[in-house]
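Below is one structure, written out as structure tokens; the observations come after it.
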Protein chains: 2
Amino acid sequence: MNSVHSMATARRDRLKAELRNEILAAARDLFARQGYESVSIRKIAEKCGCAPGTIYLHFEDKDQILSAICAETFAILKQRMAAISKDSGDPLERLRRSGRQYIQFGVDHPYHYIVTFGVAPGAPANKSDADHQAGMECFQSLRECVQSCQQAGQLRFADVEEVAQALWATTHGIVMLLITKAGFPFVEQTRLIETTLDMAIEGIRAR
Amino acid sequence: MNSVHSMATARRDRLKAELRNEILAAARDLFARQGYESVSIRKIAEKCGCAPGTIYLHFEDKDQILSAICAETFAILKQRMAAISKDSGDPLERLRRSGRQYIQFGVDHPYHYIVTFGVAPGAPANKSDADHQAGMECFQSLRECVQSCQQAGQLRFADVEEVAQALWATTHGIVMLLITKAGFPFVEQTRLIETTLDMAIEGIRAR
DNA sequence: GCACATAATGAACAGTGTTCATTCCATGGC
DNA sequence: GCCATGGAATGAACACTGTTCATTATGTGC
């Protein structure tokens, strides 16, 4: 074979990519239904009709499967956040929508959120840089929203970075609470989220 | 033996409680250092010099060990929070001190905090009632602080529970961020904490 | 038809949480 | 002192986990 891009090679690659997608689809469904820890490689293999070992031809390890799913999902979040940050209208209201979007995303995709933002401190070397990169890009949109609020003179604070980080803490906090303390008798979720957003927005608004 | 409370029985009970505490101590240390998932029953058993099976004479399962540790941490925090909630002075300022104390506790005891508040999701049917109870009691002080703010007419919101939970989310968020994202280029820590507290307090203050 | 490269396999390995028949041993009665 | 008793401790065993790797199958190019 003198060419790397023969007809047959292309076909093989397509088939390989197909199985990869089947594995991802199976894993996505099982993770969402039963949680990451409860889903074994063998369960994923069975669901997509291949042997356990085969999965390791497509993914380095179990974590990489979750990472791949996260990458997909976070691409969506990044897109939504970026879209909002480019909207017109009152900057503070844009900031509120941005926060709402962020929180909603975390609540809707708890496992993806945990992997990217909720890693334990003791873990050595932790997750891949790609995971962090995706998360940081989402934060950038929030930063831009705060920036435009300040430029419109609507901020009570001088330091944009400071406010952006405080807002991140707030939204991150409510997501983590709702995710990890699901058993706690929280007030109705939407109402709690709106109150938190209101508190945060009114807390940074210029007087 | 005609009495259930003989001298010998008391001694046996004391020895049993001692081993229980040794197991807890070993588990607390290992969980904090390596994380819940990475610590096996056998590792705990080895560290406190007993057989794996012995642990199941003192705890129903691995989750129950974590629950017991969480209870301890809740107790410490509850004590500190309760002390502040009984202080005198401006209610909103008391609330600010309360939040500061909570955040400081988390930052000072990152591993305990993580073990108690940062557990992964997906737990089937979630935690025991004992965990809920401990959490409620700990949260009660914050609730009381918010309550007295409202009674003093200093609250912009009507629902005390709602505000208390939103404040919890905010403080929890900054603790988790500072702990789990230690590598992120945060603004100077004290300044970030004070800004966040300021944002929250000003966000709920009556106009 | 044959050789070759790659994909797929599934048994095997070291680990996990948990169980349970067995052993140990301090205690109480004689 | 000796023995029976009952709870505490054991550790082998079970069914599972993520992961590896020698082996097998399969589609491709000549």
Side-chain angles (χ1 to χ4, degrees), chain A residues 1-24 26-27 30-31 34-69 111 115 123 127-128, chain B residues 1-24 26-27 30-31 34-69 119-120 122-125 128:
Chain A
M1 176 167 46
N2 50 6
S3 171
V4 189
H5 298 292
S6 76
M7 207 72 92
T9 314
R11 187 181 125 83
R12 258 213 320 263
D13 286 355
R14 216 176 48 241
L15 283 179
K16 180 162 179 174
E18 257 175 43
L19 179 50
R20 193 191 136 96
N21 283 334
E22 275 179 50
I23 294 170
L24 275 181
L30 289 174
F31 286 166
Q34 311 177 16
Y36 180 70
E37 302 291 346
S38 303
V39 174
S40 68
I41 293 288
R42 285 168 183 80
K43 284 183 190 169
I44 298 174
E46 192 188 14
K47 190 177 173 75
C48 68
C50 71
T54 306
I55 290 179
Y56 288 85
L57 298 176
H58 299 267
F59 298 94
E60 211 172 304
D61 55 26
K62 197 185 167 190
D63 284 349
Q64 287 299 311
I65 303 177
L66 189 55
S67 285
I69 295 173
Y111 297 104
V115 165
K127 300 294 173 183
S128 71
Chain B
M1 175 169 47
N2 51 5
S3 171
V4 188
H5 298 291
S6 76
M7 208 73 92
T9 314
R11 188 180 124 84
R12 256 214 320 265
D13 286 354
R14 217 176 47 241
L15 283 178
K16 180 162 178 174
E18 258 176 41
L19 179 50
R20 194 192 135 96
N21 284 335
E22 275 179 51
I23 293 170
L24 274 182
L30 288 174
F31 286 167
Q34 310 175 17
Y36 180 69
E37 303 290 348
S38 303
V39 175
S40 69
I41 293 289
R42 286 167 182 81
K43 283 183 190 169
I44 299 174
E46 192 189 16
K47 190 178 173 76
C48 67
C50 71
T54 307
I55 290 178
Y56 287 85
L57 299 176
H58 299 266
F59 299 93
E60 210 174 304
D61 55 25
K62 197 185 167 190
D63 283 348
Q64 287 299 311
I65 303 177
L66 185 59
S67 285
I69 295 174
V119 287
S128 69

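This one's a predicted model, so the numbers in the text were calculated from it and none came from an experiment. To find a chain, count down the sequence lines: A is the first, B the second, and so on, and within it residues start at 1.
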**Request:** Using atom CD1 of A/Ile44 as one end and atom P of D/dT17 as the other, report the distance to the nearest whole Å.
**Result:** 11 Å

**Request:** Would you state whether a donor and an acceptor, one from the side chain of B/Arg42 and one from the base of C/dG15, lie under 3.5 Å apart?
**Result:** no

**Complete:** Checking D/dG18, D/dG11, D/dT10 against the side chain of A/Lys62 (C-beta onward), the nearest is D/dG18

**Asked** Just wondering, do B/Ile55 and B/Ile65 contact through their side chains at under 4.5 Å, heavy atoms?
**Response** yes

**Item:** Nearest-Å distance for atom pair CD1/C1', residues B/Ile55 and D/dA8
**Value:** 14 Å

**Prompt:** What's the NZ-P distance between B/Lys43 and C/dG17, to the nearest Å?
**Reply:** 9 Å

**Asked** In terms of side-chain heavy atoms of B/Ala51, which of D/dT10, D/dT19, C/dA8 is nearest?
**Response** D/dT10

**Prompt:** Under 4.5 Å between any side-chain heavy atoms of B/Tyr36 and B/Asp63, yes or no?
**Reply:** yes

**Request:** Starting from the 5' end of DNA chain D, give me the residue, A/Ser40 or A/Thr54, whose nearest nucleotide shows up first.
**Result:** A/Ser40

**Prompt:** Rounded to whole angstrom units, what separation is found between the CG atom of B/Leu57 and the C1' atom of C/dC24?
**Reply:** 13 Å

**Fill in**
Testing D/dG18, C/dT9, D/dA9 for proximity to the side chain of A/Tyr56, the answer is D/dG18

**Prompt:** Is there a side-chain polar atom (N or O) of B/His58 under 4.0 Å from OP1 or OP2 of D/dA8?
**Reply:** no

